[in-house]
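Indexing begins at 1, ligand by ligand and atom by atom, following the structure's order.
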Amino acid sequence: MKLIDGKELAHSLRGEIAAGVAGLKAEKGVTPGLAVILVGDNPASVSYVTAKKRACAEAGMLSREIRLPAETTEEELVARVKELNADPEIHGILVQLPVPKHIRDKAVIDAIAPEKDVDGFTPINVGKMMIGDECFLPCTPHGIIKLIEFSGMDIRGKHAVVIGRSNIVGKPVAALLARKETNATVTLCHTGTPDVGHFTRDADIVVVAAGRPNTLTGDMLKDGAVVIDVGVNRIPDETNPKGFRLVGDADFESCSKVAGAITPVPGGVGPMTITMLLWNTLESARRVAK
Ligand code: GUN
């Protein structure tokens with residue numbers, strides 16, 4: 001079994017991104033800028049936003065963090081997004097999800113200018129992705145494709161099973177895997193699938209993004225399968241100074257005995273999500289600088 005080291009791949013790509021940022025500054029005088037909006041203080045979201053900010057700084061990008069109280073109204077949030085749409089220093093806008101329940105995700109996403117939508121969440125970018133137009137690809141799905149390739153697997157002709165149908169991961173990763181470039185045969189399983197194991201036992205690639213520990217266990221895998229674990233679940237753990245530990249959606253212990261390659265949690269998908277976000281922000285700044 002091979003561990004797919006997301007930190008290693010992220011590190012090498014971030015080196016390329018930092019070089020791109022330096023080049024853009026030198027040639028065009030443009031510094032890529034990312035604005036990250038966080039509403040409320042969900043601990044997982046705070047930690048993601050902190051990691052995104054640090055990654056921006058390391059790549060030489062400008063990052064602007066906007067922390068808003070949990071009581072912020074939808075109208076106020078939409079107004080902040082629109083200010084950033086008009087701000088020439090900002091090339092990428094990200095609203096960390098989930099937002100508090102009284103705010104509709106859709107209303108916020110729809111407010112982001114598609115040319116600054118470096119998450120790839122707006123209907124325009126989702127539509128472009130589906131028809132194969134140039135667009136910002138959603139960060140986690142794009143990172144997942146890179147991780148599968150990095151594992152050494154040739155995706156073409158393989159059977160990929162995706163577990164979970166979220167707009168952020170499941171649906172877009174299924175769409176990307178089925179594109180001509182990757183040419184996988186894709187099965188999308190979800191909470192309405194009576195026997196997920198029936199499908200995963202035939203899979204060469206399993207992407208698990210269900211948001212629930214132990215969704216995938218070793219007995220559900222074919223020998224040698226590549227497993228990409230997107231889950232980030234906090235499990236209470238008294239022995240850990242933080243009071244919790246992170247586990248994925250796959251049972252690592254049993255899956256790692258059958259899989260040919262598997263991503264760890266943490267250190268697999270997470271670093272790649274952030275890397276593809278930096279990639280899109282650099283691309284956005286390059287378009288403006290042309
Ligand atoms: N919440 C979990 N993943 C993501 C992501 O990729 N982008 C945003 N904006 N929020 C998230």
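Interatomic distance, His198 NE2 to Thr193 OG1, rounded to the nearest 0.5 Å: 10.5 Å. To the nearest 0.5 Å, atom CD of residue Glu71 and atom CD1 of residue Ile103 are 10.0 Å apart.
By the criterion of side-chain heavy atoms lying less than 4.5 angstrom apart, applied directly or through intervening Ile, Leu, Val, Met, Phe, Trp or Tyr residues, Leu84 is not grouped with Leu38; the two fall into different hydrophobic clusters.
By the side-chain hydrogen bond (donor to acceptor under 3.5 Å, both in side chains) test, Arg14 pairs with Thr275, sequence neighbours left out.
Ligand 1 lies under 4.0 Å from heavy atoms of Leu94, Val95, Gln96, Leu97, Asp119, Phe121.
Looking at Lys158 and Asp204, no side-chain N of the basic residue comes within less than 4.0 Å of a carboxylate O on the acidic one, giving no salt bridge.
Judged by the 6.0 Å distance and 45° axis criteria, Arg287 is positioned over the aromatic ring of Phe136.
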